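Worth knowing before you read on, the calculation uses all heavy atoms, side chains too, and leaves out hydrogens, waters and symmetry mates. Here the structure is a predicted model, which is why all the values come from computation and not from measurement.
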Amino acid sequence: MSDALRIALVGNPNCGKTSLFNHLTGTRQKVANYAGVTVERKVGQFTLPSGRPVRVLDLPGAYSLDATSPDEAITRDVVHGKIEEEGNQDAFLCVVDATNLKLHLGLVLEMIELGRPVLLVLNMMDEARRRGMQINTQKLSERLGIPVVETVAVRSSGIEALKHALDDQKYAVPRTEMTGLVGDDHQKITALLNDVVVYIDQEDKRTAFIDKIFLHPVLGLLSLAVMMFIIFQAVFAWAAPFMDGIEEFFAWFGEYLGEHISQPMLNSLVVDGIIAGAGSVIVFLPQILILFFFILVLEESGYLPRAAFLLDKLMYKAGLSGRAFIPLLSSFACAVPGIMATRSISDPRDRLTTIFVAPLMTCSARLPVYALLIAAFIPAETVWGIFNLQGLVMFALYMAGILSALCVSFVLKFFQKDKSQQMLLMELPSYRFPDLKNIWIGLLDRGMIFLKRVGGIIFALSILLWFLCTFPQPPEGATLPEIDYSFAGMLGHVLQPIFAPLGFNWQICIALIPAMAAREVVVAALGTVYALSAVDEDTMSEGLISIISGGGELGWTLATGLSLLVWFIYAPHCLATLATVRRETGSWRTVSFMTIYLFGLAYLMSFLTYQIASHYLG
């Protein structure tokens with residue numbers, strides 16, 4: 001794409017920039033990191049009506065080129081042409097929220113003053129008109145000295161006009177002197193808005209009405225709890241038929257391959273190692289996609305910042321900065337971006353506390369583990385006529401992680417000399433109907449990330465674990481399953497006395513080791529271990545859930561299942577998270593403290609769970 005037009009999208013957070021990027025590029029986009037930093041680099045492609053290819057870069061949201069965070073620093077450096085891998089951009093599309101020009105035009109003025117080739121994109125024009133705003137785009141273009149295009153990105157409105165503007169090369173280096181605008185940026189923006197915008201009805205009545213409910217100190221928290229409750233009910237109720245179909249497919253596929261592979265060792269590798277390992281994880285893909293569907297809908301609708309506002313006082317009392325909400329919210333997807341997002345917290349003490357508790361948020365990697373154990377030990381029955389019991393348990397596990405994080409931060413607060421707290425200041429966007437294309441692309445990205453992990457790390461570890469569970473071969477006259485004589489079996493029996501007070505058998509001990517690479521690997525590891533532990537064909541044909549819940553020699557008690565559930569609330573089974581903590585803090589001491597306290601908490605809580613459950617539940 002040497003002759004491609006190179007453009008970059010610049011704008012404040014919540015301006016609809018990413019939605020515009022998705023509508024321009026569709027699925028022709030990729031995400032990577034900038035060299036030497038952990039900031040995401042999102043690049044896509046599309047074609048102009050003339051046939052000319054375009055390479056478009058979606059820069060991180062920034063309020064100003066005077067960077068205060070690593071994300072804003074990347075945007076600043078690309079605008080200044082300081083990042084070699086990006087080179088010089090042919091044009092910058094400054095995307096602004098038409099309903100919030102007073103805030104968003106500041107960045108546009110900075111771009112103009114730098115003399116960069118700029119095209120102004122007035123996004124969310126439908127919302128501006130609904131509020132009764134009349135914007136004279138022609139006069140706005142004349143006063144700023146740059147072309148202006150109106151869009152409604154969520155409906156693809158104005159996208160073609162934008163493409164034609166790029167085709168006609170309407171972007172140009174703007175005049176350094178803007179017509180009739182003098183003074184500082186605030187004075188320029190005020191004069192500009194007085195001249196080009198007419199406010200018939202400035203109040204957003206729809207948002208104001210909904211916020212009376214969602215931001216109410218009682219109704220708002222109740223609404224948030226009900227919303228989360230419904231989400232976890234849906235994760236089980238909606239996903240069940242899809243999971244059953246995937247499970248049946250892998251059972252058939254394993255049986256089919258087994259019949260056509262005559263070499264016993266290769267047959268075991270493919271069926272017991274790869275299929276039993278990777279297949280046992282893929283079955284949980286529907287639940288992960290359903291969970292992220294709801295998260296994306298809430299994000300697209302503008303609700304998530306309201307949730308931050310609602311929880312700010314609670315977090316404040318627990319010793320966390322209100323600014324910690326967004327990093328902790330990100331940690332529900334994965335603790336790695338959550339820890340990286342703590343850079344927005346300026347106070348070093350608050351940032352470190354947030355890093356310490358971020359792994360306690362229930363990340364998506366825990367979902368396959370929770371789903372496996374809940375399906376095995378919690379009956380799929382209805383409670384009080386309408387609630388799914390398995391969904392209730394899932395909701396309780398998420399709440400346990402949140403409450404534990406608040407308790408840990410509260411304890412850490414007593415060891416801090418400075419007890420002052422920073423108040424939360426953030427922009428609350430208007431409510432909008434979710435953009436289905438954005439949701440589809442988000443789900444596609446999440447599904448591909450999950451499948452790449454299955455095809456990468458889980459696939460590799462399944463083969464490695466199969467090797468450790470298969471060799472050395474048992475001696476002549478051996479009466480136990482072959483796995484008992486293997487390297488993995490030996491290690492499992494060594495570790496079993498340490499974890500016996502938690503109710504863990506030696507098979508679980510084996511699975512916990514590769515799970516250090518990634519939590520969801522424990523499901524694949526258990527699938528491999530139990531496939532090789534089976535003593536007869538009937539047992540081997542059963543699914544993993546049936547084996548561990550079925551009692552007998554290989555089955556677990558309810559107390560063991562509950563203990564392992566609690567273990568995964570706390571245990572830091574993720575080397576990527578620990579590596580990120582080391583990179584962000586520059587301290588092995590911090591990593592060591594986090595690892596010790598999380599494993600210690602996991603052991604203590606699992607011990608209490610197993611002992612109490614054994615006593616009262618049998």
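Heavy atoms only, all atoms of each residue included: Pro359 and Arg366 are closest at O-NH2, 2.7 Å. Heavy atoms only, all atoms of each residue included: Pro514 and Ala525 are closest at CG-CB, 3.9 Å. Shown here for Ile498 and Tyr603, the closest heavy-atom pair between the two residues is O-OH, 2.7 Å. Nearest heavy atom pair, residue Asn12 against residue Ala62, reads OD1-O, 3.1 Å. Shown here for Ala515 and Val522, the closest heavy-atom pair between the two residues is CB-CB, 3.8 Å. When all heavy atoms of Met227 and Leu298 are compared, the closest pair comes out as SD-CD2, 3.4 Å.
Partners of Arg76 according to the side-chain hydrogen bond (donor to acceptor under 3.5 Å, both in side chains) rule, which considers only residues two or more places apart in sequence or in another chain, do not exist here. Residues that satisfy the salt bridge (charged side-chain N to carboxylate O under 4.0 Å, His left out) test with Arg519, not counting sequence neighbours, are absent from this structure. For Thr590, the side-chain hydrogen bond (donor to acceptor under 3.5 Å, both in side chains) partners are Ser587, not counting sequence neighbours. By the ring-ring contact (aromatic ring centres under 6.0 Å, His included) test, Phe229 pairs with Phe387, Phe395, sequence neighbours left out. With sequence neighbours left out, Pro379 forms a side-chain contact (heavy atoms from CB on, under 4.5 Å) with Glu381, Leu389. Applying the side-chain contact (heavy atoms from CB on, under 4.5 Å) test to Ala488 and every residue at least two apart in sequence or in another chain returns Leu468, Cys469, Ser486, Ile510. Judged as a side-chain contact (heavy atoms from CB on, under 4.5 Å), and not counting sequence neighbours, the contacts of Ala524 are Ser280, Val281, Ile458, Ser462. For the ring-ring contact (aromatic ring centres under 6.0 Å, His included) test, residues two or more places apart in sequence or in another chain that qualify with Phe214 are Tyr303. Partners of Phe242 according to the ring-ring contact (aromatic ring centres under 6.0 Å, His included) rule, which considers only residues two or more places apart in sequence or in another chain, do not exist here. In terms of the ring-ring contact (aromatic ring centres under 6.0 Å, His included) criterion, residue partners of Trp238 (sequence neighbours excluded) are, by chain and number, Phe294. Every residue was checked against the salt bridge (charged side-chain N to carboxylate O under 4.0 Å, His left out) condition with Asp244, not counting sequence neighbours, and none meets it.
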Listing, residues 559-570 side-chain donor-acceptor contacts under 3.5 Å, not counting sequence neighbours, or none:
{"unit_1": "Thr560", "atom_1": "OG1", "unit_2": "Gly503", "atom_2": "O", "d": "2.9"}
{"unit_1": "Thr560", "atom_1": "OG1", "unit_2": "Thr557", "atom_2": "OG1", "d": "3.2"}
{"unit_1": "Ser563", "atom_1": "OG", "unit_2": "Leu502", "atom_2": "O", "d": "2.7"}
{"unit_1": "Ser563", "atom_1": "OG", "unit_2": "Ser606", "atom_2": "O", "d": "3.3"}
{"unit_1": "Trp567", "atom_1": "NE1", "unit_2": "His573", "atom_2": "NE2", "d": "3.0"}
{"unit_1": "Tyr570", "atom_1": "OH", "unit_2": "Ser404", "atom_2": "OG", "d": "2.9"}

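With rounding to the nearest 0.5 angstrom, the CD atom of Glu299 is 6.0 Å from the CG atom of Leu296. Between the OG atom of Ser223 and the CG atom of Leu215 there is a distance of 10.0 Å, given to the nearest 0.5 Å. Between the CG atom of Leu373 and the CD atom of Gln390 there is a distance of 11.5 Å, given to the nearest 0.5 Å. One finds the CG atom of Asp97 at 4.5 Å from the CE atom of Met124 (value rounded to the nearest 0.5 Å). Tyr431 OH to Arg306 CZ: the interatomic distance, rounded to the nearest 0.5 Å, is 4.0 Å. One finds the CD1 atom of Ile339 at 5.5 Å from the CE atom of Met594 (value rounded to the nearest 0.5 Å).
Gln611 places a side-chain N or O within donor-acceptor distance of the main-chain N or O of Pro501, the cut-off being under 3.5 Å. Remark: side-chain polar atoms of Thr353 are not paired, donor with acceptor, to backbone N or O of Leu320 under 3.5 angstrom.
Side-chain contact between Arg351 and Glu584: present, with at least one pair of heavy atoms (C-beta onward) separated by less than 4.5 Å. Taking the side chain as every heavy atom from C-beta outward, Leu360 and Leu598 approach each other to under 4.5 Å.
A side-chain contact (heavy atoms from CB on, under 4.5 Å) with Tyr398 is found for one member of Leu367, Leu403, Ile231 and no other, namely Leu367. Of the listed residues (Leu406, Ile402, Val408), just one forms a side-chain contact (heavy atoms from CB on, under 4.5 Å) with Val357, and that residue is Val408.
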- Message: Evaluate Leu495 against Ile513 for side-chain contact (heavy atoms from CB on, under 4.5 Å), listing each step before the verdict.
- Response: CA-CA 10 Å; Leu495 293 175; Ile513 298 171; 3.7 Å; yes
- For side-chain contact (heavy atoms from CB on, under 4.5 Å), just list the numbers for Leu526 and Ile548, CA-CA rounded to whole Å, side-chain angles, deciding distance to a tenth of an Å, and then say yes or no. CA-CA 10 Å; Leu526 287 170; Ile548 64 177; 5.8 Å; no
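The aromatic rings of Phe499 and Phe504 lie parallel to each other, their planes meeting at an angle below 30°, with 60° marking the opposite boundary.
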